[in-house]
Amino acid sequence: MEFPCPLESAKFIAAHSKDVSVDEEEVRRVAESLFDKASAEEFGLAGWKTLHELNPQAASEEAVSWVFLVDTLNFSFWSEQEEQKYLVKYKGRTYSGYWSLCAAVNRALDDGIPITSASYFATMTLDQVKQVFRSDTEVPIPLIEERHRVLNESGTVLLEKFGGSFLTCVKKSEKSAQKLLHLVLENFPSYRDEAVFEKKKVSFYKRAQILVADTWSVLEGKGDGSFDDISTLTIFADYRIPQVLVHLKAMKYSEELMKKLREGTIFQSGDKEEVEIRGCSIWCCSLICEHLLKLYEKKGQDMREKINAVLLDYHLWDYARDHREEMKDTPFHRVRCIYY
Ligand SMILES: Nc1nc2c(c(CN[C@H]3C=C[C@H](O)[C@@H]3O)cn2[C@@H]2O[C@H](COP(=O)(O)O)[C@@H](O)[C@H]2O)c(=O)[nH]1
């Protein structure tokens with residue numbers, strides 16, 4: 001099975017894109033604005049645990065299983081109306097979007113449901129999935145049937161090929177992020193996030209790459225998670241990163257695309273506009289990373305251990321979370337799919 005490289009795909013898409021463009025001047029400005037932040041503690045790997053209370057704080061096999069379960073379901077949390085959305089209350093706080101998924105998982109674990117165990121989610125019924133991911137509003141979690149299907153599929157593969165444990169799959173990657181990425185793509189079909197653009201097969205692999213990144217983070221970059229090639233991953237092309245890149249002016253949409261987005265058009269996975277938005281986002285962030293490293297080099301600092309697409313992505317994603325209000329006039333693209 002052959003898997004296109006997401007970075008090469010992104011370069012090709014950006015070179016042929018009609019409705020989305022990367023502004024090199026603004027990319028440079030964004031890199032400069034990130035310069036001081038990039039050397040701060042919370043920009044680093046430790047932020048994954050210290051900044052987010054719902055993430056596992058351990059680096060155990062159970063914590064790795066939590067990451068696998070969550071990233072298998074890490075897609076499509078946006079709601080048609082901002083005020084009518086899926087929410088989950090957990091330990092006195094109300095969570096939305098991606099964090100509502102994590103809250104529901106932790107709520108299930110507290111209730112004694114072994115939701116992170118492959119032998120459980122391989123044979124979960126639709127009703128059990130509805131119960132575990134029940135909403136605290138009238139709005140259910142989107143794509144519940146697809147979530148049920150990918151849970152059963154992924155759990156079955158884990159049991160059949162990796163003894164029920166994702167850590168076994170991680171160990172087979174022999175501390176290579178690229179090897180783990182390919183093991184995930186070969187074995188778990190729901191992670192094969194690909195499209196055809198200008199007659200060429202292209203890839204984004206958003207969930208597969210974030211699974212590798214979150215595994216690196218939960219293992220704190222140590223032991224089985226000390227991937228020496230982690231910087232070969234790209235950012236994860238979801239629907240928030242493009243929104244924040246446009247907000248920061250590093251990426252631009254044509255008038256007609258902006259109009260469609262403002263109208264709330266729902267695109268299909270693989271549509272030309274969707275592919276251009278996702279490919280240009282990956283390409284734009286690889287340029288921001290490049291500029292950031294150059295800025296540090298000029299200062300005689302080698303930051304290759306500290307700056308990579310994963311940490312830039314985490315930072316931009318958290319930024320988008322913390323700047324919802326300022327970003328409300330910048331639309332995000334809407335696709336209902338299991339890839340992001
Ligand atoms: N590019 C990128 N996309 C990410 C994440 C995460 C969560 N990762 C965090 C978890 C632990 C670490 O601290 C990471 O920071 C979720 N998503 C995607 O966002 C969308 C949900 O957005 P909203 O509706 O606003 O919650 C949806 O497509 C989901 O798949 C990320 O990190 N990068």
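We number each residue from 1, following the sequence as shown. Read the numbers this way: they start at 1 and go in the same order the structure lists the ligands and their atoms.
- Protein heavy atom closest to atom 27 (C) of ligand 1, with residue, atom name and distance, is Tyr239 CE2, 3.6 Å.
- Atom NZ of Lys49 has more than 12 heavy atoms from other residues, nucleotides or ligands within 6.0 Å.
- At a heavy-atom distance under 4.0 Å, no atom of Leu51 approaches ligand 1.
- Val139 and Leu143 sit in two unconnected hydrophobic clusters of ILVMFWY residues. Membership requires side-chain heavy atoms under 4.5 Å apart, directly or through other members.
- For the pair Asp214 and ligand 1, the shortest N or O to N or O distance does not fall below 3.5 Å.
- Counting heavy atoms closer than 4.0 Å to ligand 1, residue Asn74 contributes atoms from both its backbone and its side chain.
- Residue contacts with ligand 1 for Lys206 involve side-chain atoms from C-beta outward but no N, CA, C or O (heavy atoms, distance under 4.0 Å).
- Proximity of Arg324 to ligand 1, defined as any heavy-atom pair under 4.0 Å, is confined to the side chain (atoms from C-beta onward).
- Residue-environment remark: CD (Glu138) stays at or below the threshold of 12 foreign heavy atoms within 6.0 Å.
- Counting atoms of ligand 1 from 1 in the listed order, those under 4.0 Å from a heavy atom of Trp48 are 11 (C), 12 (C), 13 (O).
- Distances between N or O atoms of Phe77 and those of ligand 1 include no value under 3.5 Å.
- For Leu316, no heavy-atom contact with ligand 1 is shorter than 4.0 Å.
- Nearest protein heavy-atom contact of atom 17 (N) of ligand 1 is Trp317 NE1, 3.4 Å.
- With a 4.0 Å heavy-atom cut-off, ligand 1 is reached by the side chain of Asn55 but not by its N, CA, C or O.
- A distance of 6.0 Å or more separates the ring centres of Trp317 and Phe236.
- Below 3.5 Å of separation, one finds no N or O of Trp99 facing any N or O of ligand 1.
- Taking the ring centroids of His333 and Tyr239, they lie at or beyond the 6.0 Å cut-off.
- Taking a cut-off of under 4.0 Å to the non-hydrogen atoms of Ile241, the atoms of ligand 1 that pass are 1 (N).
- The distance criterion of under 3.5 Å between nitrogen or oxygen atoms is met by Arg321 with respect to ligand 1.
- Using a 4.5 Å heavy-atom threshold, the side chains of Glu186 and Phe3 count as touching.
- Every residue meeting the salt bridge (Lys or Arg N to Asp or Glu O under 4.0 Å) condition with Glu82, not counting sequence neighbours, appears here in chain and number order: Lys85.
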